[in-house]
Amino acid sequence: MPEGPSIILMKESLQPFVGKQVTEASGNAKFDKDPLTGQTLHEIRTFGKQTYLVLDQQAIRIHLLMFGSYSVDEQTKPDKSLRLSLIFKTGSLYFYTCSVKSVDLEFLSSIDWEADIMSDAWNPQKAEKKLKSKPQMMVCDALMDQDIFSGVGNIIKNEVLFRIGVQPESLIGNLPPKKLKELIAEARNYSFDFLEWKREFVLKKHWLVHTKTTCPKCGQKLVKKQTGLGKRRSFYCEKDQKLY
DNA sequence: GGAAATGTTAACTG
DNA sequence: GCAGTTAACATTTC
């Protein structure tokens, strides 16, 4: 489920627990969960695809990876696959199939929050600068680079490149300045569309090329291919997306 | 039932 | 030691 926008939705569902005290913590996450009991949840912060639960003495970093999930106030008894549960007087949180780590509070200040595509702190000029320093990078890899576009996933990548008419294997350095700006603007813009569609459960309906076989613009067959160093699948139209 | 997939990290190789 | 490649993880969908 998790690309950046989905994480925002998760943050929203966790929000009611801010300011509450943990009364019990369990699960198979590989760190000492006993100290969590008694700490207060001060803040939920998201960075790209990661979520930080900020407590008194530490923060818990949650990354859902490919198949992670979570639930709030679960009725059924959680099974042994439970990675982490946090019980509060007012309710409970459960996380499954995800990466859960405990980090120092200081670690949070080392994060480049301006790289988060979903954040108010998002800094397009900074992204542009980072891109310009890597002219040999393919755009498909650049979009997936979590240091530049934190929160962008494979779906967003494919849709953004189609929207701006750029072939995934184009090199950053070959893009005209205008296209580069479009790339940055659309990465953020599409992420917010993604968020709203996801919220309304209509995301799949709005996919133009991802998992599709024909181009919605010209009707030609789309190319499906593993691209870039990340070797992630790309869907694109040879006619409507130009190779720079 | 098999293969592939919205992702990251650890463990390899040369 | 390094950069680059591969394996591992684990669940849902087609």
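Heavy-atom basis, side chains included; hydrogens, waters and symmetry copies ignored. Residue numbers start from 1 in every chain, and the chains themselves are labelled A, B, ... in the order their sequence lines are given, proteins ahead of strands. On a predicted model such as this, the values are computed, not experimentally measured, just so you know.
- Here the nucleotide nearest the side chain of Q146(A), chosen from dA10(C), dG7(B), dT8(B), is dT8(B).
- Taking atom CE of residue M66(A) and atom P of nucleotide dA10(C), one finds them 14 Å apart after rounding to whole Å.
- Note: F47(A) and W113(A) have perpendicular aromatic rings, judged against thresholds of 30 and 60 degrees for the angle between ring planes.
- Between H210(A) and dT6(B) there is a side-chain N or O to OP1 or OP2 distance below 4.0 Å.
- In the model, E114(A) has a side-chain atom that pairs as donor or acceptor with a side-chain atom of N123(A) under 3.5 Å.
- In this entry the distance linking CZ of F95(A) with P of dG7(B) reads 19 Å, nearest Å.
- When distances are taken from the side chain of K204(A) to each of dA5(B), dC14(C), dT6(B), the shortest belongs to dC14(C).
- Per the geometry, CG belonging to D145(A) stands 13 Å off C1' belonging to dT8(B), to the nearest Å.
- Between the side chains of Q226(A) and R233(A), no donor N or O sits under 3.5 Å from an acceptor N or O.
- Nearest nucleotide to the K224(A) side chain, out of dC9(C), dA5(B), dT6(B): dA5(B).
- In this structure, the nucleotide among dG7(B), dA5(B), dT9(B) sitting nearest to the side chain of R61(A) is dT9(B).
- Rounded to whole Å, the distance from NZ on K101(A) to C1' on dT9(B) is 7 Å.
- Remark: dA10(C) base-pairs with no nucleotide; criterion is Watson-Crick or G-U wobble with both hydrogen-bond distances under 3.5 Å.
- In this structure, K49(A) does not reach the dT6(B) phosphate: none of its side-chain N or O atoms is under 4.0 Å from OP1 or OP2.
- Y96(A) places its OH atom 18 Å from the C1' atom of dC9(C), with the value rounded to the nearest Å.
- Phosphate proximity of dA4(B) to R233(A): absent, as no side-chain N or O sits under 4.0 Å from OP1 or OP2.
- Using cut-offs of 30° and 60° for the angle between ring planes, the H210(A) and W207(A) rings count as perpendicular.
- Separation of the C1' atoms belonging to dG4(C) and dT6(B) is 25 Å when rounded to the nearest angstrom.
- The aromatic rings of Y52(A) and F107(A) are tilted relative to each other, their planes meeting at an angle between 30° and 60°.
- What separates CE of M144(A) from P of dT6(B) is a distance of 8 Å, to the nearest Å.
- Summarising the geometry, the separation between CD1 on I155(A) and P on dT13(C) is reported as 13 Å, rounded to the nearest angstrom.
- Both distances falling under 3.5 Å, in either a Watson-Crick or a G-U wobble arrangement, occur for no nucleotide opposite dT6(B).
- The K231(A) side chain lies nearest to dT6(C) when the options are dG7(B), dT8(B), dT6(C).
- Between the CG atom of L84(A) and the C1' atom of dA10(C) there is a distance of 17 Å, given to the nearest Å.
- When each of dT6(C), dG7(B), dA5(B) is scored by its nearest atom to the side-chain atoms of Q226(A), the top-ranked nucleotide is dA5(B).
- For the OP1/OP2 pair of dT11(C) and a distance below 4.0 Å, the side-chain nitrogens and oxygens of T97(A) include at least one atom meeting the criterion.
- Close to dA5(B), at under 4.0 Å from its OP1 or OP2, lies no side-chain N or O of R232(A).
- Note on K126(A) versus D112(A): salt bridge recorded, some NZ/NE/NH1/NH2 to OD/OE distance being below 4.0 Å.
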